[in-house]
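This report concerns only the one structure given below.
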Amino acid sequence: LYNLYALALTRHKRFGDARRAVERGLAIAAGQPDGRGLRVALLRVRSEVEGATGNFAASLQDLRQAAELAPGSATPYDEMR
């Protein structure tokens with residue numbers, strides 16, 4: 001739910017609200033044994049937010065973290081296509 005909410009906020013250029021939604025989602029996912037996929041999705045959205053606001057180093061860091069959570073998967077890089 002937080003992933004879709006953050007994505008919608010990002011599309012409406014409400015980047016601060018999107019960041020807060022991502023952070024809330026990441027906090028919830030961290031406590032879940034099967035939260036890895038959600039964390040990857042949330043990190044992708046946060047990477048998009050950071051890139052849209054000119055924080056490219058943070059955007060790259062989020063993509064790297066997502067890639068570490070999903071080795072061998074192209075999912076973290078879907079936003080770059």
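- At least one side-chain heavy atom of Leu26 sits under 4.5 Å from a side-chain heavy atom of Arg46.
- Salt bridge Arg36/Glu68: absent, no basic N to carboxylate O contact under 4.0 Å.
- With values rounded to the nearest 0.5 angstrom, Leu63 atom CG is found 10.5 Å from Glu48 atom CD.
- Counting all heavy atoms, side chain and backbone alike, Ala18 lies closest to Val49 at CB-CG2, 3.8 Å.
- Taken together through direct or relayed side-chain contacts under 4.5 Å among Ile, Leu, Val, Met, Phe, Trp and Tyr, Leu69 and Leu38 form part of one hydrophobic cluster.
- When every heavy atom of Arg39 is checked against every heavy atom of Ala29, the shortest pair comes out as CG-CB, 3.4 Å.
- Between Val45 and Thr10, the closest side-chain pair of non-hydrogen atoms falls below 4.5 Å.
- Ser59 and Glu50 make their closest contact through N-CB, 3.7 Å (heavy atoms, listed as atom of the first residue, atom of the second, distance).
- Test Leu7, Ile28, Val22, Asp62 against Leu42 for side-chain contact (heavy atoms from CB on, under 4.5 Å) and you get one pass: Val22.
- In this structure, OH in Tyr2 is found 12.5 Å from CZ in Arg20, a value given to the nearest 0.5 Å.
- When all heavy atoms of Phe56 and Gly51 are compared, the pair lying nearest together is CE2-O, 3.3 Å.
- More than 12 non-hydrogen atoms from other residues, nucleotides or ligands lie less than 6.0 angstrom from CZ of Arg19.
- When every heavy atom of Val40 is checked against every heavy atom of Ala66, the shortest pair comes out as CG2-O, 3.8 Å.
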